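Take a look at this one; I'll ask things after.
On a predicted model such as this, the values are computed, not experimentally measured, just so you know. Computation of the quantities below employed the complete heavy-atom set of this structure, encompassing side-chain atoms and omitting hydrogens, waters and symmetry-equivalent molecules. One-based numbering, in listed order, for ligands and for the atoms of each.
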Amino acid sequence: MKASSCALCWALAVLQPLAAAVTIAEINGNKYLSPLSGQSVTNVTGLVTAKGPSGFWIRSTTPDDSPLTSESVYVFSSTAGANLTVGDIISLNGRVAEYRSTNTYIYLTEISSPTSVTKISSGNTVKPLVIGVDTLPPPTSLFTSLDGGDIFSYPNAVANLSVVNPVLNPALYGLDFWESLSGELVTIKNPTALVRPNSYGDTWVIGDWPVTGRNAHGGLTMTSKDSNPETIIVGTPLDGTKNPSTTKMGDKTQDITGIVQQAFGYYNILPLTGIKTTTLNTASAPPSSLKSLGNCRGITVGDYNVENLAPTSAHLPKVASQIVNVLKTPDIIFLQEIQDNNGATNDAVVSANLTLSTLAAAVKSISNVTYEFVSVDPVSNQDGGAPGGNIRVAYFYRPEVISLYKPNPGSPTDANEVLAGPLLKFNPGRIAPASEAWSATRKPIAAQWRAKGAKKPFFTVNLHWSSKGGGTSFQGDVRPPINGVIDRRILQANVTGSFIAQILAQDPRAHIISAGDFNEFTFVKPMQTYSSISGLKDLDEVVGLPVEERYTYIFDNNAQELDHMYVSPSLATKTTKYEHLHINTWATDADVVSDHDPSVAYFNVCACP
Ligand SMILES: *[C@@H]1O[C@H](CO)[C@@H](O)[C@H](O)[C@H]1NC(C)=O
Ligand SMILES: *[C@@H]1O[C@H](CO)[C@@H](O)[C@H](O)[C@H]1NC(C)=O
Ligand SMILES: *[C@@H]1O[C@H](CO)[C@@H](O)[C@H](O)[C@H]1NC(C)=O
Ligand SMILES: *[C@@H]1O[C@H](CO)[C@@H](O)[C@H](O)[C@H]1NC(C)=O
Ligand SMILES: *[C@@H]1O[C@H](CO)[C@@H](O)[C@H](O)[C@H]1NC(C)=O
Ligand SMILES: *[C@@H]1O[C@H](CO)[C@@H](O)[C@H](O)[C@H]1NC(C)=O
């Protein structure tokens, strides 16, 4: 009907200042930012659903029908809720604010400076919404409409949610889903813990809604274009109790009821009380099933980032025990993060022969297996990591099966070359140590070996690319999120890959194994650059490992794979095998030895026709 009558005009004009009542749905709007941000609102009416140390949450008594607009909102005030009880229906005036503590976070819409808090009734029923039952199910792969279909699409940081402020699509985009429930009291039924709690005791979980990427241990693994937005982190309990510190991947907990709240850069559930573990996942990581034949027809190859290992490291005996009992003493091991002989003491020491011989002695003492080792010492403090630690990559090998082919160790500044043969100029030798690709970071070490009985040598490249420091969270404002230091890893992929391509250019049937901590996922640009330039193949693909079981690391919500083996086409055969050993990703904090899982592979490296 057209508002043409003067009486109606008059009525509206008079009522406006008295009752500019807005609903909570109108405050939240259907986007990330409130359409009323910065404005004063009066007579906001809602049911108190929960109280916290710095405010309380109210749910609309006049909800709209839209799944895009949250019906609840946070009222920020440490005093205004003093006399309120959960179940009260109240009205209040206040100011709509958008809050974040850091400019890479998503904003929280809240009502600040509440006044005229008036109790209308008490003792009303407060019923949490069951996620996936009373709400849509959380979307399982896409995060926001600004990610180009993949949070790992490149270039990064082309848009900010707070600038574009897209209309929410909670059926399709995970962050839109959680934003559409901002401030809402919800229940997660049959939760599963996905990872160990972070240093604040917060634990990522899923409920019994549909998920993708579930691995056999009960966690969720990151896969191509799918980093699991259906997960949520359970933050600090509202009643001052604590969440357990010992949860780990695959543990079950009691149902969790709490408030959905953007905090510290993530959508959290702030539980009403500390979560309680009900069933522990007691499955322990099985040891490697791969057995060396003791000659070129079947060698075993390990790969392990042993996390800042020094001769006096408390975890050194545990690493030795894992090498013996879990990796089953592979014929050759690619090691990363070997520190020098006095660890992170910042002095001129760069040699790691004491670190490596101490580890070898610890292995020998429990297994009678002898390892020899090779590495190339870096120039002091030129390779990143803890100052003075001089971390580098190194090889352990069993001399009864494997020996260095025509040894000719390079100095830290000697650039390895592929000579006619193919033959490495330096064995072992660092790849392009003067390249800007490696400034202030670890250089890869190429080596050439002969396995017992083999007609021709095989090549290895052990590497540790730059880590993702300085990135932004999957749940941050910046879209697609910043994948920290990605351009450097693309360059590193190019330099390492070009070196390997020279070997294959001479001998397309050369046996080449490249392994280490790539600090990147196979489906992201640096790894795609690496396989295309080097001509190597991802060993997970070669052996057809299910994508959910491809992980060696935990970060935020996801089991994920930073450590890889890539092999030349001649090793992509039916005899080749590969296993990731989840001794650290499945463990409680107390039992973690390194932040990475090791892997072991099996190859025939006898010369093929
Ligand atoms: C406040 O809003 C409610 C509806 O939510 C209405 O019934 C009430 O009259 C309003 N009060 C004032 C003082 O405007
Ligand atoms: C709570 O109630 C007490 C006692 O009636 C009163 O003195 C106080 O001002 C009230 N506080 C708030 C925030 O309304
Ligand atoms: C995104 O926000 C950050 C932090 O405020 C700013 O530096 C950057 O320029 C913004 N980018 C875009 C594309 O708006
Ligand atoms: C390490 O190397 C230095 C120099 O070659 C040698 O003097 C020393 O004995 C070695 N130490 C160990 C533990 O192998
Ligand atoms: C350890 O190895 C040595 C040499 O390989 C061998 O002589 C000895 O019997 C072994 N000892 C044990 C306990 O296996
Ligand atoms: C690799 O580096 C070379 C030499 O700088 C450059 O020409 C080439 O474009 C790079 N390739 C890729 C895929 O980045």
Going by atom types alone, do Y267 and Q261 pair a side-chain donor with an acceptor below 3.5 Å?
no
Hey, is D414 close enough to R430 for a salt bridge, meaning N to O under 4.0 Å?
no
Salt bridge or not between E520 and K468? Use side-chain N to carboxylate O under 4.0 Å. yes
Those residues with a heavy-atom separation under 4.0 Å from ligand 3 are N103, V158, A159, N160
Checking heavy atoms under 4.0 Å, the part of I490 that sits near ligand 6 is neither
So that I can tick it off, tell me whether R442 and D383 are bridged by a salt bridge, with the cut-off set at under 4.0 angstrom between side-chain N and carboxylate O.
no
- request: Taking the six-membered ring for Trp and the single ring otherwise, decide whether the centroids of F459 and W449 are under 6.0 Å apart.
  value: no
In ligand 4, the atoms that come under 4.0 Å of a heavy atom of S357 are 13 (C)
Open item on the list: Below 3.5 Å, N or O to N or O, backbone or side chain included: is there any such pair between N494 and ligand 6?
Closed with: yes
Review point. Are any of the side-chain nitrogens in D477 or R100 under 4.0 Å away from the carboxylate oxygens of its partner?
Key: yes
Any side-chain donor-acceptor pair under 3.5 Å between N390 and Q382?
no
